[in-house]
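Reviewing the structure listed below.
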Number of protein chains: 2
Amino acid sequence: MDVETTANCTCLNLRKASRAVTQFYDEAFKPVGLRVTQFSLLALVANKGPAGMKELAKFLVMDRTTLTRNLKPLIDQGFLVVIKSDDRRQRPIAITSRGRNRLAQALPLWREAQNRVVANLGRETWVGLLQSLSATVSATTHE
Amino acid sequence: MDVETTANCTCLNLRKASRAVTQFYDEAFKPVGLRVTQFSLLALVANKGPAGMKELAKFLVMDRTTLTRNLKPLIDQGFLVVIKSDDRRQRPIAITSRGRNRLAQALPLWREAQNRVVANLGRETWVGLLQSLSATVSATTHE
DNA sequence: TTAAGTCAGGTGTATATACACCTTATTTTT
DNA sequence: AAAAATAAGGTGTATATACACCTGACTTAA
């Protein structure tokens, strides 16, 4: 495997796989009208409880302003809301009951897609992939 | 590693790593005013010679129409051109000498970023990552 | 040999991504 | 306590991504 060949670019291959897998999950979520990005955001807010945008963005390795835009369709549809905070600079995000319902509908679809990917890859390979991805985030992120 | 925990979503973690690595490479390319997506496209066309859009899109696991939009800034800047084909449905894409020059300027920056990632990850892990990514594309793509 | 089918590619729209720049609110300095 | 610094978040703009739908060109079937 030649490190110096542009076809082996780490970023190119990550983005390529990212597109492939996103298409796969988005297809699975069609019946509930969510995209995988939106599902992940809903699940994240549901699990982390009300959270500030900076915290969410940092966890997702996502620019703060990208998160703002990604939240919009979910807030517009009433799945998430901006709540009050003592520190009035913060606008914490919380999930609504509407959001929880939609998430509950989406969960089985997610499980099926996830299980199919793990089965197709083989569990060993999948575990290795997730570990490498985590290491890759660390290897390219400062602070 | 629990397959059924949404934080372990294959897609979420791929997209996360994709963002992290894209930010890393984009930073490296700043001096030549390219993004990693644009660099990869230039390098691909340079290596594959004039190629139809369908072929390029398939290789990249990218929607045809996404490729159309991604080519635009490169064509506008004169790095790539649309050339004639016997089959007038096709609009093959070729690299210009301007494009080759820019690519040559970008290559050392790419090598440095790529080498840093491989070094930070460790060569073994990196090879494993690229293999898993390739397997993942196969595991999620029909055709 | 023309009509139907297929194939390459583009456009409209919506979301995803991030940089530069701006506003408002809290915290720290002097 | 007022000024300076910092912190949280939004907006304008440009690229990245893909679906639905459209056009024009070749191919195949009647």
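Labels below follow one simple rule: chain letters A, B, ... track the order of the sequence lines, proteins then strands, and each chain is numbered from 1. Please read all numbers here as calculations on a predicted model, not as lab measurements.
- Distance, B:Arg35 CZ to D:dT17 C1': 13 Å, rounded to whole Å.
- Residue-to-nucleotide proximity on DNA chain C shows that, of B:Pro92 and B:Asp26, the 5′-proximal contact is made by B:Pro92.
- When each of B:Arg91 and B:Ala20 is assigned the nucleotide of DNA chain C bearing its nearest heavy atom, the one mapping closer to the 5' terminus is B:Arg91.
- Within the nucleic acid shown, A:Arg88 comes within 4.0 Å of sugar-phosphate atoms alone, with no base atom in reach, counting heavy atoms only.
- Residue A:Asp76 is classed as having no contact, given no heavy-atom separation below 4.0 Å to the nucleic acid.
- Listed here is the closest heavy atom pair of A:Gly78 and A:Thr96: O-OG1, 2.6 Å.
- Between the CD atom of A:Gln23 and the P atom of D:dT17 there is a distance of 10 Å, given to the nearest Å.
- Contact annotation for B:Arg69: base contact, defined as any heavy-atom pair under 4.0 Å involving a base atom.
- In this structure, NZ of B:Lys54 is placed 4 Å from P of C:dA8, rounded to the nearest angstrom.
- No side-chain donor from either of B:Trp110 and A:Thr6 sits under 3.5 Å from a side-chain acceptor of the other.
- Rounded to whole Å, the distance from OH on A:Tyr25 to P on D:dA18 is 16 Å.
- Mapped onto DNA chain D by nearest heavy atom, A:Thr65 and B:Asp63 fall at different nucleotides, with A:Thr65 at the one closer to the 5' end.
- In terms of heavy atoms, A:Leu74 sits closest to A:Gln38 at CD2-CB, 3.8 Å.
- Checking the phosphate oxygens (OP1, OP2) of D:dT15, no side-chain nitrogen or oxygen of B:Asn70 falls inside 4.0 Å.
- With hydrogens and angles disregarded, a donor-acceptor distance shorter than 3.5 Å links the side chain of A:Arg19 to the backbone of B:Leu60.
- At a threshold of 4.5 Å between non-hydrogen side-chain atoms, the residues A:Gln23 and B:Thr140 do not count as touching.
- In this model, a donor atom of one side chain and an acceptor atom of the other lie less than 3.5 Å apart for A:Asp63 and A:Thr65.
- What separates NZ of B:Lys72 from P of D:dA14 is a distance of 10 Å, to the nearest Å.
- Among the protein residues, B:Arg64 comes within range of the nucleic acid bases, having at least one heavy atom under 4.0 Å from a base atom.
- Note on A:Arg15: a side-chain N or O is less than 4.0 Å away from OP1 or OP2 of D:dT17.
- Within the structure, every side-chain polar atom (N or O) of B:Thr68 is placed at least 4.0 Å from both OP1 and OP2 of C:dG9.
- D:dT17 atom C1' lies 16 Å from atom CG of A:Leu14, rounded to whole Å.
- Nearest-nucleotide positions on DNA chain D for A:Met53 and A:Arg19 put A:Met53 closer to the 5' end.
- Checking the phosphate oxygens (OP1, OP2) of D:dA7, no side-chain nitrogen or oxygen of A:Gln90 falls inside 4.0 Å.
- When distances run from any side-chain atom of A:Asp87 to the nucleotides C:dA18, C:dA25, D:dT15, the shortest one goes to C:dA25.
- As a whole-Å value, the separation of A:Asp86 CG from C:dT27 P is 11 Å.
- A:Gln38 places its CD atom 7 Å from the P atom of C:dT15, with the value rounded to the nearest Å.
- Using a 4.0 Å heavy-atom criterion, one finds that B:Thr37 contacts the sugar-phosphate atoms exclusively.
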